[in-house]
Amino acid sequence: MAYKVLILNGSPHTNGCTSRALEEMIRILHEEGVETELLHIGKEDVRGCVSCGFCMKNGRCVFDDKVNEAAKLFEEADGLVIGSPVYYGSPNGTILSFLDRLFYSTRFSKHMKVGASVVSCRRGGNTASFDVLNKYFTISAMPVASGTYWNQVHGFTAEDVEKDLEGLQTMRNLARNMAFLMRAIGAEKERNGLPVQEHDHFTSFPDGK
Ligand SMILES: Cc1cc2nc3c(=O)[nH]c(=O)nc-3n(C[C@H](O)[C@H](O)[C@H](O)COP(=O)(O)O)c2cc1C
């Protein structure tokens, strides 16, 4: 069985630093027999979530744009990679609006789909941005794949990233670990199915009486 990974690049630069880091991952994922689909969303006109509740009834976002397209690919995928440049110490605004709507509007289970996030900065704000991206996975029962450092590259241009040898090495190790995790989860799913998840409680604080 071929595992599939959806990759989102939040950067407006399709040949920029984030893209260079993701390319390194893609090369290794292909070597590992994993199929990939890359969406560049950084130049899309992506508005934020307006908390209208349309998705609760309809299972898709009221704004019918690339978010709904990505949702179908995400549902079919075994893993999701999120790449983002760092803007003022956070992931860029476009990817955040995209992810808020993608995760909130979709009703399909993300349980045990493997997540990995990658950030690119010139100088700083990388680990804070990395933490923000990983939170989309850890609220969705998605195991997070790790590299051999926090998954970051440094640079202002793709040429700079080329010189970040440890950053690129981290991307390769991350891709191998992600492929391994997807295979391990797939095999265990075949044998024993997914672990039970309880969903009975939502903001309930029983007083014990
Ligand atoms: C609006 C804006 C804000 C930025 N803020 C930061 C920052 O907080 N820290 C940093 O190191 N680089 C910052 N940068 C630089 C980019 O994060 C960095 O060059 C990144 O590697 C670009 O990735 P890309 O080529 O994939 O777009 C900023 C760039 C822009 C356009």
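Both ligands and their constituent atoms are indexed starting at 1 by order of listing. Computed over heavy atoms, backbone and side chain alike; hydrogens, waters and symmetry mates excluded.
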Going by distance alone, is a donor N or O of one side chain under 3.5 Å from an acceptor N or O of the other, for Ser117 and Asn134? yes

Starting at CZ of Phe130, measure out to OH of Tyr149 and round the result to the nearest 0.5 Å. 11.0 Å

Not counting sequence neighbours, which residues clear side-chain hydrogen bond (donor to acceptor under 3.5 Å, both in side chains) with Lys4? List them please. none

Can you name the side chain to side chain contact (heavy atoms under 4.5 Å, CB included) partners of Thr94, sequence neighbours left out? Ile41, Val46, Asn92

Is the side chain of Asn58 donor-acceptor paired with the backbone N or O of Arg60 at a distance under 3.5 Å, no angle test? no

Just to verify, what does Glu37 make a salt bridge (charged side-chain N to carboxylate O under 4.0 Å, His left out) with, not counting sequence neighbours? none

Could you check ligand 1 for N or O atoms lying under 3.5 Å from protein N or O atoms and list the pairs with distances?
| from | atom 1 | to | atom 2 | distance (Å) |
| --- | --- | --- | --- | --- |
| ligand 1 | 5 (N) | Val86 | O | 3.2 |
| ligand 1 | 5 (N) | Tyr88 | N | 2.9 |
| ligand 1 | 8 (O) | Tyr88 | N | 3.1 |
| ligand 1 | 8 (O) | Gly89 | N | 3.0 |
| ligand 1 | 9 (N) | Gly124 | O | 2.8 |
| ligand 1 | 11 (O) | Arg122 | N | 3.1 |
| ligand 1 | 11 (O) | Arg123 | N | 2.6 |
| ligand 1 | 11 (O) | Gly124 | N | 2.8 |
| ligand 1 | 11 (O) | Gly124 | O | 3.2 |
| ligand 1 | 12 (N) | Arg122 | N | 3.4 |
| ligand 1 | 14 (N) | Val86 | O | 3.3 |
| ligand 1 | 17 (O) | Val86 | N | 3.4 |
| ligand 1 | 17 (O) | Val86 | O | 2.6 |
| ligand 1 | 19 (O) | Gly155 | O | 3.1 |
| ligand 1 | 21 (O) | Ser120 | OG | 2.7 |
| ligand 1 | 21 (O) | Gly155 | O | 2.7 |
| ligand 1 | 25 (O) | His13 | ND1 | 3.4 |
| ligand 1 | 25 (O) | Cys17 | N | 2.8 |
| ligand 1 | 26 (O) | Ser11 | OG | 3.1 |
| ligand 1 | 26 (O) | Cys17 | N | 3.3 |
| ligand 1 | 26 (O) | Thr18 | N | 2.8 |
| ligand 1 | 26 (O) | Thr18 | OG1 | 2.6 |
| ligand 1 | 27 (O) | Ser11 | OG | 2.6 |
| ligand 1 | 27 (O) | His13 | ND1 | 2.8 |

